[in-house]
S.K.: 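My questions will all concern the structure given below.
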Amino acid sequence: MTSRKMLFGPSLITKVWSWAAQYKVSKNLESWHLQDFYPGGHKSLEDSYICMPMTAVDSGLELQNDDSSLMAFVCTAMPKDLKDLLYPSLVACLDSPDLFSVWLPSPANENLPQPFDCLHFSWYNRYTTKGNDAPSDVHPYELHLGNSRTNMWQMLPYTSSDMAEYGQLFNRLVQAFQDVFLWIGSALQVHLPEAEYSAPVQVAESLPRNVISHVEPFISLVVNINAQTAAHCDHFNKNLCLALAISDLSGGGLVLKEQGLVLELQNGDFTVFCSSEATHFNLDYAGVQVTFVMQTDIGFDKWTAERNGWGHSSYFC
């Protein structure tokens with residue numbers, strides 16, 4: 001497989017490591033209770049962090065904001081037989097062992113931005129042709145704007161270029177991880193609040209041409225290999241996203257800056273959080289780290305509500 005590198009700008013990388021240098025965390029959860037860390041429902045100090053080792057999570061843990069919305073859900077309950085096959089299955093699918101080189105922490109003051117391999121098997125609904133003012137009794141192909149006909153192909157949600165270029169790889173991943181994806185979907189249905197779960201499900205069930213999402217309740221799968229992400233928010237994500245760790249490492253905690261949480265996800269653990277609002281990045285680590293990220297494009301709000309404005313058309317089903 002020909003890998004594709006993603007690289008974040010150095011200005012953001014600088015922010016990551018400046019925050020990481022100020023990272024204050026307690027490993028002793030017996031003396032650092034969550035209720036003490038969030039007095040009045042808010043983080044007490046701007047630069048304070050609390051580390052959550054996965055040994056402190058009994059199968060699943062739901063954290064709520066002061067308005068009762070979901071801050072994060074952490075799950076460590078994946079069955080051992082599924083966990084043990086995660087990494088071998090991924091290596092077999094990619095058929096590129098060189099992608100999984102062991103990452104070593106950078107020496108102090110030498111944290112330069114590093115590219116990482118990333119694949120987006122995603123659905124988007126952006127920059128589409130809207131039909132709100134179009135007549136309902138005229139076929140969209142017969143509509144004209146000036147001297148141009150309507151671009152029919154831009155009326156519908158579409159898939160990423162990686163889906164076309166690496167379609168065979170995506171099919172192998174779906175086949176190899178089918179049981180994992182089904183188990184995660186079932187776990188989310190049980191543990192997430194109804195409103196939080198039903199929102200992405202509505203999108204997944206609305207994909208055009210009766211396409212079935214293999215990562216329901218989400219519709220997109222991103223594969224990050226040995227990622228060191230800059231601090232960022234995913235503003236194009238709708239509501240929640242999920243991060244599943246496939247790893248053999250020390251360090252590398254996922255940091256949610258505003259919440260002050262550091263999640264030390266181990267192989268087979270996953271977390272769900274609002275990636276469009278929470279500034280997040282991962283700490284330095286030693287070993288191999290692969291993350292499956294499942295998400296939904298916020299542009300689908302226009303699709304599920306009114307089919308991009310074409311819902312009234314007699315020719316649009």
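Here the structure is a predicted model, which means the values were calculated and not measured. Any value given below was found using the heavy atoms of this structure, including those in side chains, with hydrogens, waters and symmetry copies removed.
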S.K.: Would you give the length of the straight line joining atom CD1 of Ile184 to atom CG of Asp179, rounded to the nearest 0.5 angstrom?
M.R.: 11.5 Å
S.K.: Please table the atom pairs, donor to acceptor, closer than 3.5 Å between any side-chain atom in residues 195-203 and protein atoms at least two apart or in another chain.
M.R.:
unit_1	atom_1	unit_2	atom_2	d
Glu196	OE2	Leu70	N	3.4
Ser198	OG	Glu194	O	2.9
Ser198	OG	Ala195	O	3.4

S.K.: Using distance only, find each side-chain donor-acceptor pair of residues 236-253 under 3.5 Å and give its atom names and separation, not counting sequence neighbours.
M.R.:
unit_1	atom_1	unit_2	atom_2	d
Asn237	ND2	Ser275	OG	2.9
Asn237	ND2	Gln295	OE1	3.3
Lys238	NZ	Asp301	OD1	2.7

S.K.: Rounded to the nearest 0.5 Å, how far apart are OG1 of Thr271 and CG of Leu61?
M.R.: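 The distance works out to 9.5 Å.
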S.K.: Please check if any side-chain donor atom of Ser160 sits under 3.5 Å from a side-chain acceptor atom of Asp162, or the reverse.
M.R.: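 Short answer, no.
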S.K.: How long is the span from the CD atom in Gln178 to the CG atom in Leu173, to the nearest 0.5 Å?
M.R.: 12.5 Å
S.K.: Are His191 and Phe73 near enough that their ring centres are under 6.0 Å apart?
M.R.: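 For His191 and Phe73, the ring centres are under 6.0 Å apart.
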S.K.: Using the benzene-type ring in the case of Trp, are the ring centres of Phe177 and Phe292 under 6.0 Å apart?
M.R.: yes
S.K.: Could you state the interatomic distance from CE (Met71) to CG (Leu256), rounded to the nearest 0.5 Å?
M.R.: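 The distance works out to 8.5 Å.
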S.K.: Just by distance, do the side chain of Thr229 and the backbone of Phe281 share a donor-acceptor pair under 3.5 Å?
M.R.: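 Absent.
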S.K.: If a pair satisfies side chain to side chain donor-acceptor pair (under 3.5 Å) and one of its residues is in residues 76-94, list it, with sequence neighbours excluded.
M.R.: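 Only Lys80-Asp84 qualify under side chain to side chain donor-acceptor pair (under 3.5 Å).
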S.K.: For the pair Cys51 and Glu264, evaluate side-chain contact (heavy atoms from CB on, under 4.5 Å) and give the outcome as yes or no after the intermediate values.
M.R.: CA-CA 7 Å; Cys51 182; Glu264 294 189 327; 3.4 Å; yes
